[in-house]
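Data first, discussion second: the structure below is written as structure tokens.
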Amino acid sequence: MHKHYSTLIEDLAMFAWISTSKLQHRWIAKLFSSQEKERKGKETERNQEERENTKMLSQQKTKDLQWTLQAIRAGKTNLQNISFFQTQSISGSFQESENSISINFSTTDGGISYFSQILAALVTPEVNRVSQMNLSFHGVEWESRKLRHLSALLLDNNCSNIRQIEFQRNAFAATGLSELSEMIRKSRILKVIIFSECQIGCLGAKFLASALTKNEALEELQIWEDSISSKGAEELSRMIEVNSTLKLLTVVDKDSITATPIISAVLARNRAMEVHIWSRSNNDRSSKIVEFTPETNTLRVYVLDHSGSQRIACALGWNTTVRTLDMTGIRLKSKWAREFRCVLEQNRSLKEVVLSRTCLRDKAVVYIAAGLFKNRFLSKLHLDGNWFTGIGVEHLLCPLSRFSPFQTQANTTLTSLTFGGGKTKIGRGGVIAILKMLETNQTVTQFSICDDTSLKPEDVVKIFRSLETNATLRYLSFKSCRGIEGDMVLQSIMDTLQVNPWIEEIDLTGTPLQDAGKTERIYEKLGQNASLVPEKDLLNDLELTTPTSCRVFLCGQEFAGKNTLCNSIFHNLNSSRLNYTDAFRTLVNPVEQFVRSAEIKIKTFQDGDTKISIWNLAGQHENYALHDLMFPGHGSPSFFLIVSSMFRKPANREPKSPEEVEADLLYWLRFVVSNSRRADMRSMLPHITIILTHYDKVPEQSGHLQAIASSVQRLRESFQNFVDFYPTVFTVDARSSVSVSKLTHHIRMISRTVLQKAPQVYQVCNDLIKLMAEWRSENYNRPVMKWSQFCELCQLKVPTLRIRSRRDNMGVVETRRRAVATSLQHVGEVIFFEELGFLILDCGWFCGEVLGQLAKLNATKTTGATENNGFISKHELEKILRGKLQSQIPGMGSKVFDNFEARDLIKMMLKLELCYEQDPTDPKTMLLIPGLLEEGRGKSQRWQLSSPECVYVGRRLQCDNSRQMFLTAGFFPRLQVHLHNKISRLKNQQGAIYSLEKNLISIEINGIHVRVELGEQLGYYIDILGCSTKNINEMLRLFHQLIIPTIHSLCPGIAVTQSILRPECVKYLIPSRLRRTQCVPLQRLKQALLTMPADSMYDYQHTWGSLVDGSRTILPSGFDYARNLLSDEDFREVLHRRFYDLHLLAVEVAVPSENQEPPVAVRNDDADRMVEPSLSGIAKGVETILQRLKVIEQGIKDLKQEIQGLRYYEHRLVIELHRKVDYLVNYNVQLEERKVPQLFYFVQVQNYSKKLVTKLFSGMTALRLHMLCEYRREMHVVDDQIGCELMQIDNQAVKSLLPYISKFMKLLTFALKIGVHLAAGMGAMIPDLGREVAHLIDSPFLYGTAAVAAGAVGAAALGKAGGTQSRGSLNPDSSRNRNVSQDIKAAQQWLVDFLKDQKVTSGKDIAQRFGLWRVRYKDNGNIAWICQRHKEARGIDVIEVPI
């Protein structure tokens, strides 16, 4: 009893500040009374417990404390759990198990002494073999001595292993609590402390908190059945702010107020501490107030007052440990919601919030909605069972909705939302908000409305209709909603599931529809939407049909009257409109002069089922760069009307000259041809109709119109193979509907014709044209459709492009949709930007208001553009675009930004390659627009690299048909952007320097300086100039691998030839207009090398003419070695070509091997044997030649070595060629007498010139027969030879002569290829043999990469394996050829018969007609017919043998 009273007195010491007033005395008396009652109750419980323990010890075998002490000291026990009970009965111990023991010590029989000794014994090393030990003290009254032993036990870090201490119903004085807290502060081994019914109060909590601020080992603190009051809780909260090692805190208090400061501290300091706080009510029932579990990061609040809720909300602001907040059932007010708004704006870890049944009203929901606007982390929100109305619903769904096509959704992280309840009144405004959210939201996957009674069936139908276009929602719940009833609701659900396969689950539990048993169809359809469906073909199953939309492009220069003509045509085609008659002439004329549109405009009208759109291409020069973008693609149904005015300006009567009209038409013809080749429209030539305007101003008697007609006819003849001209040229008065009526009819007819000829399109395209028109009318005539909206339209209205199941092949469906969108672009209905994700539905708006304004950007008005080398910031460009596209006059501005954002325009410009980013990885990078560049006039044009070791290289790429094609105005700006983008993507070219000027690209890459120059405005060539200290091969490799392919990629259908520029022009950067003549075609230079003997190839020089500008000589004439103009690859290609020609010649003339015996001389007494030696030897010699080629090829190491091998091979072939020709000459049908010459040929006389006949066909006339001088190895044409006239070739002559002509031409061609003058003097008569006898000498792989790569041996092997024997071969072993001897006999017999008919029978006659005399060689006795010159010069070698 004394102990209890002393405790009370110590407790009263805390209130020493209380005065001695009566009120304070009464309060103290009341405190004593309550403490006494509580003490008596606990004494009763303790006595009952002691009696039970005494009974237990009496019933079981107990041991005295002396034995227990000795056993502990001896270390015979392995104790882990020791429980001490202070009793007033007998002392003793009971070992419950091998590791557990209960020790009772009495206050009457010396048990306290044993208690102290046992505590001391537990410190010995023998006892501490156990890794961990738990102690529990029951009913112990702690005095100083006991505390000292306990302190020794706890603070001996070397021997003690105490992990957990539990105090149940212990009694501590104030000093005892202080000493105990000091022990806890110093302990490094204690992990768990439990106080149960110890009445430590706020003072004990203060001591514990003070100790734990220093302790870094304790992990768990539990205080059960105590009252630490708010002051104690505040002390613990301050401890939590400092202590970071405590892992579990459990408090069971009589007052729930203790929870607020503790949990607030845990949240504010982001402690990973498990917290459980309970409260015991007056009826002795415990209830949990709050709990926090770090394992699940969940905070659950069960009971809390308003102030506590607000404090917790404040603590959650910067918390990072709570993921789930559950405050279900707590009554919350708007003040809490205001604090929670800040939580949503600041917190970055909260993922789920449950606020069910919290009595939130509209004001509180408004605060929560405001927080959602800035929140980027919350994913789930439960607000069911609250009391808000439609106003709250509107505010709640506002951050989850979009109210403009260009507005971004404010909150994109919330994926699950639940609200509803009996007291939630959604109302009409709430339904509208729900519809808007479901139609525009792209993040919410779960949406639930629970226990609602306010929604009507009509509202539910609207909700499901809005879900038809929602592709993100997966789970939908209307649990226990009364409005889910009726067939109308059922049908709307089924219709939605038909077009929306993404909904996976619909919860209709407790709804009238389920109660009526009508939900089975819904669940069955949900199952179908999740099942596999048969895959469709990619595009094959889409039905094809004739297109119904045709485009008419109205082209012409400015002042041509295109706008007026377009309006007249438009009004003429639309009969329902007001007639556009001649009465308006006087009104239109001044308007036409004053207002001229500089924009690209499109007018559309319907002609039955055909839609015709007239694209009026603006003729101003600033729009030229955009015309390429408007050009129709491959297969697009379209045609062109080229308009030219016959007068310079409509305000005067100054007529254009025919040359000016021709120049106007020529530009647009070249534009159409160039772009049609680029668009690959060669299969269907573009249809063109020419229109001449202002016809009413032409005098009737003037011959001006006839002169213009002659110019048009010349153009028609020049372009007849490139375009399809309409034969009639329309001359109209553009202001008169009567004058354009025939033209209007022509447009109708040509449109139908073009549509019939155009490739078929998908039937779904025609359907989509109508659907997109309806979509525009339903969406305020919007000209732009996003790709997602196009997909929604396809999903709703086009079954063939619909996703049928969630397991459907999405990639195939997406590909089909993109193919259809691309097809719509080809027919001119839309402009599809695939990468940007939108479609332009109003092409006229886009071309006129958007692109037209972009074309007018002026560098002089652009701040900072010139100072930054043409670069401009995105922000500055946005300001310029807004200034251009928005007028200062209200109502007069463009509405571009109602459908586009400025950054979308910039993305579009990047996609169209109208500009490029300086650094794509930097969001604030600068942009360069080629249209803003200025010419580098006045700047010194010189190379930055200046060194004697510099090498200069130039190449020119020009259109092959420069008369019909050119590089359009938009080509070079696109090249500037495209080449930059290509270089920036190269991994090994990070240090490349790229700079631009107007019509100029400067590049420095890998030590090579390159300039790419546009030859002239609207020109037909581009010059590529290079300067470097590296060799020509590396420079040309850069040209051919980077720059030239880039140019080809931008004009794929245009034939481009390559020429070599004079190096001195490159060195001194001669202007392009002056160096036009200082180039040589690459193929021509190669061909010139091929005509040279091998000895001369390496040292061949190309001669340049002098460059003169007026009277001033800029560069004198000079020369360059071909080897310095060509790369090694080009030079080797020439050598391989020569090797290939030599190989073919070796096959034809049967070159023998080196060790082969010389052939036996021809004997005149054996005609057959005389034929065989002349053409035999191929079979024996081919293998040897191939082996020789192989040896030569293996020995080649550089160009000189290759040429040496070529010279040797060529020498042997020349010798063999002459020997074979000698064999042919020695063959004689007239026995051995050789009464007529052998080598004859035909020429055709045309315009006083002779041309060698290379082909014979029946019906040829005006031929003359001539004969060659046959002197061995010096055969030639005889000058002033009369010859014999052949009036006409009949079938018999063709049959006899054709084989001979074929073989003779083949030998002649081979001789020319290797530079042998087999027939000297014939050069003026020889045509392009490469074209005339291509079937004889040029194989398909002659110029191919196979021959170049494999070399001569590879080509020879290829020819051998592939059977390169051509028709008319000299090889007698070919099974496909006629017998050679029969061919020669037939030809010579024809010659003999012909000469007899011409009465040429004697040697005198032959000498008179052909200038040839019959001689015999003295060395071998062979007979030949030679000229007078050889007879005199070679008289010692021959003897004349007259007939």
Side-chain angles (χ1 to χ4, degrees), residues 80-84 99-100 130-138 140 150-151 153-155 157 160-170 172 177 180-201 204-228 232-233 235-253 258-259 261-267 269-279 286 288-300 321-322:
Q80 295 181 359
N81 299 301
I82 302 177
S83 301
F84 294 95
N99 301 326
S100 301
V130 181
S131 58
Q132 293 180 347
M133 184 179 294
N134 301 328
L135 302 181
S136 62
F137 301 95
H138 300 264
V140 178
L150 181 61
S151 176
L153 178 62
L154 295 180
L155 299 181
N157 296 328
S160 180
N161 58 356
I162 307 301
R163 177 187 178 276
Q164 174 179 315
I165 293 182
E166 180 180 359
F167 299 99
Q168 286 194 16
R169 297 177 181 176
N170 284 227
F172 295 95
L177 287 174
L180 180 62
S181 65
E182 186 66 18
M183 298 178 205
I184 295 173
R185 184 182 69 82
K186 296 180 179 181
S187 176
R188 297 294 180 268
I189 58 174
L190 196 61
K191 301 298 180 182
V192 182
I193 296 181
I194 302 174
F195 292 93
S196 178
E197 301 180 61
C198 293
Q199 304 297 324
I200 61 175
K206 177 180 180 181
F207 285 136
L208 287 176
S210 176
L212 291 180
T213 55
K214 304 295 183 181
N215 184 283
E216 297 180 355
L218 193 69
E219 296 179 354
E220 295 184 15
L221 174 63
Q222 301 181 28
I223 303 176
W224 295 78
E225 301 295 339
D226 209 329
S227 179
I228 62 175
E235 294 292 341
L236 291 178
S237 69
R238 284 190 284 271
M239 176 271 295
I240 292 171
E241 292 178 358
V242 179
N243 189 294
S244 60
T245 59
L246 200 63
K247 296 181 180 179
L248 174 64
L249 176 62
T250 302
V251 177
V252 181
D253 202 280
T258 58
I262 293 175
I263 194 64
S264 298
V266 171
L267 298 178
R269 299 298 294 176
N270 295 315
R271 300 303 185 200
M273 178 192 303
E274 185 175 353
V275 179
H276 300 274
I277 300 179
W278 296 71
S279 175
S286 297
K288 181 169 282 191
I289 302 173
V290 65
E291 68 175 359
F292 173 63
T293 53
E295 292 80 5
T296 60
N297 299 104
T298 302
L299 173 64
R300 291 183 175 88
T321 58
V322 179

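By the salt bridge (Lys or Arg N to Asp or Glu O under 4.0 Å) test, Glu166 pairs with no residue at all, sequence neighbours left out. In this structure Arg300 satisfies the side chain to side chain contact (heavy atoms under 4.5 Å, CB included) test together with Glu291, Thr298, Tyr302, Asp326, sequence neighbours excluded. Under the side chain to side chain contact (heavy atoms under 4.5 Å, CB included) criterion, Ser83 pairs with Phe85, Ser102, Ser136, His138, not counting sequence neighbours. By the side chain to side chain contact (heavy atoms under 4.5 Å, CB included) test, Glu274 is found to be paired with Leu248, His276, Thr293, Pro294, Glu295, residues two or more places apart in sequence or in another chain being considered. Applying the side chain to side chain contact (heavy atoms under 4.5 Å, CB included) rule to Leu177 yields the partners Phe172, Ile200, Phe207; only residues at least two apart in sequence or on another chain are considered. Residues passing the ring-ring contact (aromatic ring centres under 6.0 Å, His included) test with Phe195, sequence neighbours excluded: Phe167.
The number of heavy-atom neighbours closer than 6.0 Å to NZ of Lys191, taken from other residues, nucleotides and ligands shown, is above 12.
Using a 4.0 Å cut-off between charged nitrogen and carboxylate oxygen, Arg238 and Glu241 do not count as a salt-bridge pair.
Put simply, the side chain of Asp226 never gets that close to the backbone of Trp224: no donor and acceptor are under 3.5 Å apart.
To the nearest 0.5 Å, atoms OG1 (Thr250) and CG (Asp253) are separated by 13.0 Å. Atom CD in Glu182 sits 8.5 Å away from atom CG in Leu155 (nearest 0.5 Å). Of the inter-residue distances, the one linking Glu225 atom CD with Arg169 atom CZ reads 9.5 Å to the nearest 0.5 angstrom. Atom CG of Leu190 and atom CE of Met183 lie 11.0 Å apart (nearest 0.5 Å).
In this structure, the side chains of Leu153 and Leu135 come closer than 4.5 Å at one or more pairs of heavy atoms. With contacts defined as side-chain heavy-atom distances shorter than 4.5 Å, the pair Ser279/Ile277 does not qualify. Within the 4.5 Å cutoff, the side chain of Leu154 has heavy atoms near those of the Ile165 side chain. For the pair Arg163/Val192, a side-chain contact is recorded, criterion being any heavy-atom separation below 4.5 Å from C-beta on.
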